[in-house]
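Read the structure below first, then the notes.
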Amino acid sequence: MKTVICSGSFDPVTVGHIDIITRASKMFDKIIVAVLHNMNKQACFTAEERVRLLEKATSDLPNVEVTSFDGLLADFAAQKNATAIVRGLRALSDFEYEFQMALTNKKLNPELETIFLTTRSENMFLSSSIVKQVAQLGGDISSFVPECVHDEIIERLRKE
Ligand code: PNS
């Protein structure tokens, strides 16, 4: 059984994240969506909120489980017997950061692979930061986030 991890901050989940998770769910037996629970990093949504939004947005994918993690991703992956980390790659600008993370994780856990899925062209520009900025300034994010969590995200971001 091949288990892989889709890791990230997911602050909040976007349609780009769901596209990568959905495509990975067709390639592997089990996907663990791992939400970074980092007390030191300032996130807009709490880890519990981010997990709940992801659970709602992936509820149609039976082989996807959502959880939060703290500490090193390489250790979390070993604990879960995961063979790889799956990350979405949007543009060349993502590459340096992703390459550094992949090499660090490989050093920390030599059994662990990192697999990159290229984003769909329509999601190339999309990020959680863009979603937050547009929503907070009153813009339309309906094509940026999954429909089932849109209202919740809007309500929460407009309170910020
Ligand atoms: O979606 P993001 O915010 O780019 O995801 C980054 C994430 C959560 C994958 C990365 O920060 C991470 O794995 N953090 C856990 C700490 C860790 O393992 N650091 C060493 C490898 S960079």
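Computed over heavy atoms, backbone and side chain alike; hydrogens, waters and symmetry mates excluded. What you see is a predicted model, and the numbers here were worked out from it, not measured in a lab. We count ligands from 1, going down the list as the structure has it; atoms in each ligand are counted the same way.
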- Any sub-3.5 Å donor-acceptor pair from N109's side-chain atoms to N105's backbone N or O? no
- Is N105 in polar range of ligand 1, meaning some N or O pair under 3.5 Å apart? no
- Query: Closest non-hydrogen protein atom to atom 11 (O) of ligand 1, residue and atom name please, with distance?
  - Reply: L36 CD2, 4.1 Å
- Could you check if a side-chain atom of F10 sits within less than 4.5 angstrom of a side-chain atom of H17, using non-hydrogen atoms only? yes
- Electrostatic pair D29:K2 at N-O distance under 4.0 angstrom: no
- Decide whether an N or O pair under 3.5 Å exists between M101 and ligand 1. no
- Message: Heavy-atom distances under 4.0 Å decide this one: backbone, side chain, both or neither, for L73 against ligand 1?
- Response: both
- Message: Among all the protein's non-hydrogen atoms, which is closest to atom 15 (C) of ligand 1, and how far away is it?
- Response: G71 O, 3.5 Å
- Task: Check if S128 has a non-hydrogen atom at a distance under 4.0 Å from any atom of ligand 1.
- Result: no
- Task: State if Y97 counts as touching ligand 1 under the rule of any non-hydrogen atom under 4.0 Å.
- Result: yes
- Okay, side chain of E49, backbone of T46: is any donor-acceptor separation there less than 3.5 Å? yes
- Which of the atoms in ligand 1, numbered in the order shown and given with their element, are less than 4.0 Å from a heavy-atom of G8? 1 (O), 5 (O), 8 (C)
- Query: Hey, would you say the F144 and F125 ring centroids sit under 6.0 Å apart?
  - Reply: yes
- Backbone N or O of F45 within a donor-acceptor pair of the D11 side chain at under 3.5 Å? yes
- Message: Does anything in residues 60-82 form a side chain to side chain donor-acceptor pair (under 3.5 Å)? List the pairs, not counting sequence neighbours.
- Response: K30-E65
- Item | Contact partition for R87 relative to ligand 1, non-hydrogen atoms under 4.0 Å | side chain
- Is S9 in polar range of ligand 1, meaning some N or O pair under 3.5 Å apart? yes
- Provide, to 0.1 Å, the distance between atom 19 (N) of ligand 1 and the closest protein heavy atom, together with that atom's residue and name. L72 CD2, 4.0 Å
- Distance-only, no hydrogens or angles: does the R90 side chain make a donor-acceptor pair with backbone N or O of G16 under 3.5 Å? no
